[in-house]
Structures are given as C-alpha cells and as structure tokens.
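Chain letters run A, B, ... following the sequence lines, proteins first and then strands; every chain starts at 1.
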2 protein chains.
Amino acid sequence: MGLRERKKQKTRIALIDAALDLFLTHGYDITTVDQIAAAVDVSPRTFFRYFASKEEVVLSPCHDGQEIFESELAARPADESPYQAVTGAMRTALATMRDGDPATVDRFVKVGRLMEETPSLIAAQMCLIAQGERRLAEEVARRRGTGVDDLHTQFVVSLLTTINRVLMEHGPDDLSLLLERMERILAVAERCLRPGWDR
Amino acid sequence: MGLRERKKQKTRIALIDAALDLFLTHGYDITTVDQIAAAVDVSPRTFFRYFASKEEVVLSPCHDGQEIFESELAARPADESPYQAVTGAMRTALATMRDGDPATVDRFVKVGRLMEETPSLIAAQMCLIAQGERRLAEEVARRRGTGVDDLHTQFVVSLLTTINRVLMEHGPDDLSLLLERMERILAVAERCLRPGWDR
DNA sequence: TAACTTATGTCACCTCATGACAGATGACAA
DNA sequence: TTGTCATCTGTCATGAGGTGACATAAGTTA
C-alpha cells in the first residue's frame, strides 16, 4: 500500500474520530461539518469527498461491521439452515471484533452511545439495516431454494433482522456482554419458534 | 370548528396533495419546497409551519394511519394476547380505511408508490416505524404484564412490527389486496411460531 | 367597532451538499 | 533526479433545506 493510500486512511480515521468526539461532547445536531474539518485541519469540501453526508461518518463503523458479518455469513457451509448460518456468523463476527483492534471496538461503542441520544440518527441506522436486509434476503433465498419474493423467505429474513435489531437496541458498552445478551435473545427466539421454521 | 381551523385543514391537505403530485411526476429529490409552496400559493416559510421537513409531508398519511391503528389497538379487549390484539387492530384499521374517504386511500397509495422509487424516504419511514414500535412496546408490556425492557416482550414487539413491515414492503395499490396479503403473511407466521409465543 | 389572538409573508441567516477549476502532492518511468 | 501523469485537496460559487425575528393580515370575541 502506497503513501497516498495510507494518508487517505489516516485522514478518514481522523475524521471519524474527530466527528465522534465532537458529536459526543457537543451533540450531533449542533456540531457542524466545518468544525469536524477544522479539527482534522482539512477543508470542509474534503470532508464530503470522504463521506457523502454528515450521517455517513457516524454510520461508517456500522457499515464496516455489516461487511464483516456478511463475509462471515458467506463463508458458512451451504447445508446450514438460514438461522444456523446467521447466528453462527454473528457469533464469530462479534468474537473476531472483540479480539481485534481495540480502537475499532471503541468507535463502535461511541456510535452506540451516540445513537441512544440522537433520534435523527436512528433513521439513518434503520436505512442501513434495511439495505443489509435486502442482501440477507438473497442469501436466505439461496439457502431455502426460493426467490427473494417468497413470502416465507421474507418472513425468515425479517425475523433474523429482528433478532439483530433487538440485540443492538441497547448500545454495546462491552462486546463480551453483547455476546452474552445475544445468547439470551436466541434462547427466547428458540422458545417461541417451531423447529425448522427457517427451512 | 371555526373558519380559521377549516382554512388550516384545507391548506394542509392542499400542501400534501401538491407535494405528492409534484414528487410523483418530477421526483422527490428534484422537487423543491419552493415549488410545492408556489403550487398552493403559499410562502415557503408557511410550508415549514405545517411540516417540519420535506419528508414529513410525505410521511403524514402514514402517521395518520399509525394513529388509526393505535386507537383501534387501544380499544381491543384487555384479555386478548398481543398477537390477537395487534392483528385484530390491523384488520379493522385497514377495513375502516378501505370503506372510508377515497381521497385518503388515494394519498396512501401515492405515498406507497413514492416510497418504492425513493430510497431516501425509506429511512424516514423506518424512523416512523421505530417510533411506533416504542409505543407498541408499552401496549405489549401491559398485556404481557412485564416491563418494556423484558427481553421476551421486546422480541414479541419486534416480531409484530416485522409482520407489519413485510406487509408494507410492497406498496398498497389496493387495500383489499393488502388485506388479503396480510392474511397470507399471518398464515406463514402462525406456521412458524409456537402457540402462545406472545403470552 | 375595538381589542385580541393567531396565521402568514418578508427578510436575514445558517448548515448541508455539490460542481468547477486550479494548485499541490504522490506514483511511476526514463 | 527529473518529468509526466494521475489523483487528492483547497478555494470559490451556488443552491436547497431549515429557522428566528418581526411586521402585517386575517379570524375571533366582546
């Protein structure tokens, strides 16, 4: 990786960190793009070359997390049921993140705290979830051998997304706690669902 | 109701209709608030006195629909399970709307078509759903006799919201068709769920 | 009609976001 | 090292969304 690419990564990370800190100390709505850019010593125009919007800089850690999950999911054996594959991928994705770069985890936690106190960001997060849901639909449809329009498949997809949403409801202060919380949610779900509901 | 109040209702409806028509013919993003205001012969500043944002004018029919549903839900007998109460309220709400003012239905259909072709609106809709979900949580917690933080209750709530979301996935071209579609989704859900899952 | 209340228009202003262009900087070959 | 090229960045201009302040117009009530 060349110097140019490394510099780009650095300013990208710097923008994210500066933005998260400013948002958390002064509030999301009140903080301006100009302030973020000034904190990183970059022109405001440059900010928008890295992030399409003010929201995107907050959501970028979530986006990265989604990609990790999705690559884990794709690596799952083909004979697993959708539920098995998704829950397995979630477990390994969270564990990988927990044992990885602490700075990444830190950013994740900050985003979580920010979400709780900023309603306007919830919409953006929901949008991200909806996009992820569409990609998940294709994976589930493949595993169930139906089209993405199949009503049962749509139900399975929505339910899997639901589990993930309930999980993320309360921000992840600690990833180990989050993993534990996830197991409890899965236990509830399995109590409610008939065996083979996702086949 | 006095003349002043009637006038307000009229401009409100006029703004919604003008906005929906402009959005559908030219596209949501390209249409400006100034154009909407000009179409109703009102100052742009006035538009923002009726709607807090450009999104809100689109979502207002959905918001009204939510309120109808929620009042139906509140009127349900207390001994019904959350699932029974919610599905019952949905049935009556949709039927009431179908047999009510055709203009209201028309607006609803237009919003649905607009959603399909405008990704940026999906986020806003999601936010509305999230808010409705929080209110639903209190109702479900009441019926289940738990707090809103109870994990099982959260699961039930999310699942009920999920059913609603799958239902609304494809815009309501026709309310009778929508009712029919709903019954099919409920059949799928009931096949997947153990009896008494929502108790 | 007079006094009051409330909705509207006008004006000024801020933030978000984008296109265009020029200059700075890294990449790469000779 | 140097020259060339690609690309990143800053500056400037522009437009749309959104809000506060204040005066004016219109409906309400006595």
By nearest heavy atom, map A:Asp41 and B:Thr31 onto DNA chain D; which one lands nearer the 5' end?
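Counting from the 5' end, the first nearest nucleotide belongs to A:Asp41.
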
Hey, which of these two, B:Glu55 or A:Pro44, hits DNA chain D nearer its 5' end, going by closest nucleotide?
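Its nearest nucleotide lies further toward 5', so the answer is A:Pro44.
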
Would you find more than 12 non-hydrogen atoms of other residues, nucleotides or ligands less than 6.0 Å from A:Ile30 atom CD1?
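12 or below, so no.
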
Heavy atoms of other groups near A:Asp41 CG, more than 12 under 6.0 Å
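No, the 6.0 Å shell around CG holds no more than 12 heavy atoms from other groups.
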
Write down the distance between [atom1] ([X]) and [atom2] ([N]), rounded to a whole number of angstrom.
X: A:Lys54; N: C:dT18; atom1: NZ; atom2: C1'; answer: 17 Å
X: B:Phe47; N: D:dG17; atom1: CZ; atom2: P; answer: 9 Å
X: A:Arg45; N: D:dG15; atom1: CZ; atom2: C1'; answer: 13 Å
X: A:Ile30; N: C:dC16; atom1: CD1; atom2: P; answer: 11 Å
X: B:Phe51; N: D:dT19; atom1: CZ; atom2: C1'; answer: 18 Å
X: A:Asp29; N: D:dG17; atom1: CG; atom2: C1'; answer: 14 Å
X: A:Phe48; N: C:dG19; atom1: CZ; atom2: P; answer: 12 Å
X: A:Glu56; N: C:dC16; atom1: CD; atom2: C1'; answer: 14 Å

Check whether any side-chain heavy atom of A:Phe155 lies under 4.5 Å from a side-chain heavy atom of B:Ile163, and answer yes or no.
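Heavy-atom side-chain distance check passes, below 4.5 Å.
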
Do the non-hydrogen side-chain atoms of B:Tyr83 and B:Leu159 ever get within less than 4.5 Å of each other?
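Side chain of B:Tyr83 against side chain of B:Leu159, heavy atoms only: no contact under 4.5 Å found.
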
Is the closest basic N to carboxylate O distance between A:Arg91 and A:Glu183 below 4.0 Å?
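Here A:Arg91 pairs with A:Glu183 in a salt bridge, since their nearest N and O are under 4.0 Å apart.
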
Using a cut-off of under 3.5 Å, enumerate the N/O to N/O pairs linking the protein to nucleotides 6-9 of chain D.
{"from": "D:dT7", "atom 1": "O4'", "to": "A:Arg4", "atom 2": "NH1", "distance (Å)": "3.4"}
{"from": "D:dT7", "atom 1": "O2", "to": "A:Arg4", "atom 2": "NH2", "distance (Å)": "3.4"}
{"from": "D:dC8", "atom 1": "OP1", "to": "A:Lys8", "atom 2": "NZ", "distance (Å)": "3.1"}
{"from": "D:dT9", "atom 1": "OP1", "to": "A:Tyr50", "atom 2": "OH", "distance (Å)": "2.9"}
{"from": "D:dT9", "atom 1": "OP2", "to": "A:Tyr50", "atom 2": "OH", "distance (Å)": "3.3"}

Given the ring of A:Phe23, does A:Lys110 sit roughly above its face, with NZ or CZ under 6.0 Å from the centre of the six-membered ring and within 45° of the axis?
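Ring-cation test returns no.
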
